[in-house]
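First the structure, in the form of structure tokens, and then the observations on it.
Lettering follows sequence order; numbering is per chain, from 1.
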Amino acid sequence: MEICRRKGAIELSELDPFLAELLRQIPASADPKGTAAAEQRLFSPPAHETETDLCKEWKLYVEPELRRLFQTATETVAADLEQLNGSEKTLANRVLRIPWKHADAWLSSLNQARLVIAAKYNFSDAELGDHFRSPIGSRRDLSLFQVNFYGFLQECILREVDDWKPRRAD
Amino acid sequence: MSRMPRQGSRWVAQSEQFEVPTSPLSEKSGATTIEQPTIEKETRSEENLDLPWLVIVHNDPVNLMSYVTMVFQRVFGYPREKAERHMLEVHHKGRSVLWSGMRERGELYVQQLHGYLLLATLEKAG
């Protein structure tokens with residue numbers, strides 16, 4: 001996989017079918033439904049439980065806004081990922097262009113997905129730090145690889161965002 | 001976020017009465033009376049003698065260090081060095097106080113931090 005900046009977008013090229021499939025799974029992976037631990041992580045309380053009024057108001061007014069925010073980001077990413085659904089040969093390498101203005105949505109969705117997967121599998125700190133574990137083995141191994149791959153992509157996007165700022169200011 | 005009245009930030013109106021000298025004229029004629037004015041003065045309730053509120057970010061092994069630094073820069077407008085210092089404090093000590101001040105502003109910061117999926121809470125100092 002290669003990542004470069006081209007014509008107002010971050011371009012991911014030489015995407016093999018396996019990585020393309022992992023990317024396609026971002027929206028589904030970012031959905032915390034059905035996993036209480038993931039729900040709790042994405043919608044954590046804003047204060048200690050003794051601050052009952054604040055926690056109650058938060059649930060009522062802020063949480064729905066956060067849900068909308070996360071959903072909008074995921075929808076943006078899902079729309080970008082449609083580029084991977086071309087009619088070319090199944091095993092051909094693909095190219096994905098992330099428009100500059102979608103970078104924040106990608107950062108958010110990748111983060112959501114990483115948090116949800118990590119909460120689902122209850123990965124330990126040691127496991128999360130193990131970047132060389134093979135994805136081949138169990139569903140758990142594959143999920144850990146997914147967390148690390150999404151983290152790598154997040155890091156790349158962050159770097160591009162960082163580099164871009166001074167140029168945009170010129 | 002809609003606001004509901006909170007006990008902690010309520011302003012309590014208290015009345016203070018002052019003696020008003022009676023005019024010698026009205027005393028004599030008995031025709032005019034002057035009511036003693038009630039002056040309302042706003043004072044803060046005792047429980048709100050303001051300890052600041054703290055915005056605290058807690059460690060999370062999943063969030064990337066570079067991402068957390070970027071969020072601190074964006075939300076608080078901190079320069080990179082300061083944002084990194086706080087990020088490292090979160091990483092090594094488990095938490096860092098990012099800001100202190102009035103509750104409403106603190107709530108807004110916590111909301112923004114949650115929007116970036118960071119573990120953040122609002123706590124009263126002290």
Worksheet item: For chain B, which residues from residues 105-126 of chain A have at least one heavy atom closer than 4.5 Å to it?
Response: A:Leu107, A:Ser108, A:Asn111, A:Gln112, A:Arg114, A:Leu115, A:Ala118, A:Asp125

Fill in: Residue-level interface, residues 30-44 of chain A with chain B, non-hydrogen cut-off under 4.5 Å
A:Arg41, A:Leu42, A:Ser44

Discussion item. If only side-chain N and O atoms count, and only distance matters, is there a donor-acceptor pair under 3.5 Å linking A:Gln146 with A:Tyr150?
Written reply: yes

If you look only at distance, which donor and acceptor atoms sit under 3.5 Å apart when one is on a side chain in residues 75-84 of chain B and the other is two or more places apart or in another chain?
| residue | atom | partner | partner atom | Å |
| --- | --- | --- | --- | --- |
| B:Tyr78 | OH | B:Leu98 | O | 2.3 |
| B:Arg80 | NH2 | A:Asp162 | OD1 | 3.2 |
| B:Arg80 | NH2 | A:Asp162 | OD2 | 2.3 |

Worksheet item: Short question: side chain of A:Gln83, backbone of A:Asp80 - any donor-acceptor pair under 3.5 Å?
Response: yes

Worksheet item: Do A:Thr76 and A:His102 pass the side chain to side chain donor-acceptor pair (under 3.5 Å) test, and can you show the C-alpha distance, the side-chain angles, and the key distance before you say yes or no?
Response: CA-CA 7 Å; A:Thr76 302; A:His102 294 180; 5.6 Å; no

Worksheet entry | Heavy-atom side-chain contact between A:Leu15 and A:Leu84 under 4.5 Å | yes

Fill in: Minimum side-chain heavy-atom gap B:Gln112-B:Val55 below 4.5 Å
no

Worksheet entry | Heavy-atom contact with chain A under 4.5 Å, split by part of B:Leu118 | backbone

Worksheet item: According to the salt bridge (charged side-chain N to carboxylate O under 4.0 Å, His left out) rule, which pairs have a member within residues 43-52 of chain A, sequence neighbours left out?
Response: none

Item to complete: Heavy-atom pairs under 4.5 Å with chain A are the metric here; pick the option from B:Leu122, B:Val110, B:Leu64 that has the most.
Response: B:Leu64

Practice prompt. Go through B:Glu89 and B:Arg85 one step at a time and tell me if the salt bridge (charged side-chain N to carboxylate O under 4.0 Å, His left out) criterion holds.
Written response: CA-CA 6 Å; B:Glu89 194 177 15; B:Arg85 259 203 319 277; over 6 Å; no

Discussion item. Using the rule given for ring pair (Phe, Tyr, Trp, His ring centres under 6.0 Å), can you reason through A:Phe18 versus A:Phe149, listing the C-alpha separation, both sets of side-chain angles and the distance that settles it, and then say yes or no?
Written reply: CA-CA 12 Å; A:Phe18 173 64; A:Phe149 174 57; 8.1 Å; no

Worksheet entry | Residue from A:Glu75, A:Arg68, A:Arg67 passing side chain to side chain donor-acceptor pair (under 3.5 Å) with A:Gln71 | A:Glu75

